[in-house]
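Report on the following structure.
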Amino acid sequence: GGVGKTTLAQIVYDKTAIIGGHFQYRAWIAVSQNYNIKELLKKIIRQISVKEEQNTEQLLNMMDDSQLVQIVRGHLNKKRYLLVFDDVWRTGAWESLNIALPPGKEESRVIVTTRIEEVAIPRHQFIFKVSPSSYQLSWELLCRRVFKVPDYSCPPELEEYLRRTIIVLQSGLPLAW
């Protein structure tokens with residue numbers, strides 16, 4: 001973990017220039033290692049539900065998984081949607097959630113972030129692997145961000161310290177800024 005999968009998905013999800021009014025529904029669902037399918041389905045419904053009724057939560061709590069699946073399918077059917085399932089650890093989690101997803105319109109998208117290759121393959125049409133940056137690239141990114149004048153070079157008195165402590169501790173991952 002920690003190579004930027006969630007950050008990259010979040011940028012796409014939040015980017016209004018990309019998203020605009022294209023999707024009729026969108027939802028961000030954090031799955032994680034310990035998940036409860038019923039709770040995940042309720043999260044989807046809360047994010048895509050147009051009407052907020054006072055007793056919605058009570059109704060959702062009384063439903064079983066198959067009823068929740070039908071509600072999700074009913075809302076998303078023939079709609080353009082963007083759903084992000086973040087940090088999926090098990091193929092079973094993805095398979096249980098995927099049942100709730102109708103084909104939707106052609107422009108609908110589902111993004112799944114995972115560190116487990118078996119979750120991604122062969123279920124998805126496009127797989128983008130995010131890898132840690134090389135040591136040299138991490139160093140260059142750090143210098144460009146911190147030392148902006150004029151050639152982005154690090155002062156010699158700081159270079160050894162920064163190279164040892166920051167880049168090595170990040171295991172080749174640039175710091176978030």
Of all heavy-atom pairs between [X] and [Y], which one has the smallest distance, and what is that distance?
{"X": "Val84", "Y": "Ala9", "result": "CG1-CB, 4.3 Å"}
{"X": "Leu41", "Y": "Asp65", "result": "CD1-O, 3.9 Å"}
{"X": "Ile111", "Y": "Leu82", "result": "CD1-CD1, 4.0 Å"}
{"X": "Ile48", "Y": "Ala27", "result": "CG2-CB, 4.2 Å"}
{"X": "Arg80", "Y": "Ser108", "result": "CA-OG, 3.3 Å"}
{"X": "Glu39", "Y": "Arg46", "result": "OE1-NH2, 4.3 Å"}

* Between Arg90 and Glu95, is there a salt bridge with N-O shorter than 4.0 Å? ->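 Salt bridge between Glu95 and Arg90, a charged N being under 4.0 Å from a carboxylate O: no.
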* Is Asp64 salt-bridged to Lys38, cutoff N-O under 4.0 Å? ->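 Salt bridge: no.
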[Y] side chain reached by [X] side chain, heavy atoms, under 4.5 Å:
{"X": "Gln10", "Y": "Trp28", "answer": "yes"}
{"X": "Leu97", "Y": "Val88", "answer": "no"}
{"X": "Trp89", "Y": "Arg115", "answer": "yes"}
{"X": "Ile29", "Y": "Ile44", "answer": "yes"}

* **Derivation of the side-chain contact (heavy atoms from CB on, under 4.5 Å) call for Tyr25 and Val72** => CA-CA 11 Å; Tyr25 294 114; Val72 172; over 6 Å; no
* To do: Using the six-membered ring of Tyr13, assess whether NZ or CZ of Arg26 lies under 6.0 Å from its centre and within 45 degrees of the ring axis.
  =>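 Geometry flag: set, cation within 6.0 Å and 45°.
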To the closest 0.5 Å, what do you measure between [atom1] ([X]) and [atom2] ([Y])?
{"X": "Ile71", "Y": "Arg73", "atom1": "CD1", "atom2": "CZ", "result": "13.5 Å"}
{"X": "Leu76", "Y": "Lys79", "atom1": "CG", "atom2": "NZ", "result": "9.0 Å"}
{"X": "Asn77", "Y": "Gln70", "atom1": "CG", "atom2": "CD", "result": "10.0 Å"}

* Asked: Can you tell me if Asn61 uses its side chain to pair, donor with acceptor, with the backbone of Glu57 under 3.5 Å?
  ->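 Yes; at least one donor-acceptor contact below 3.5 Å.
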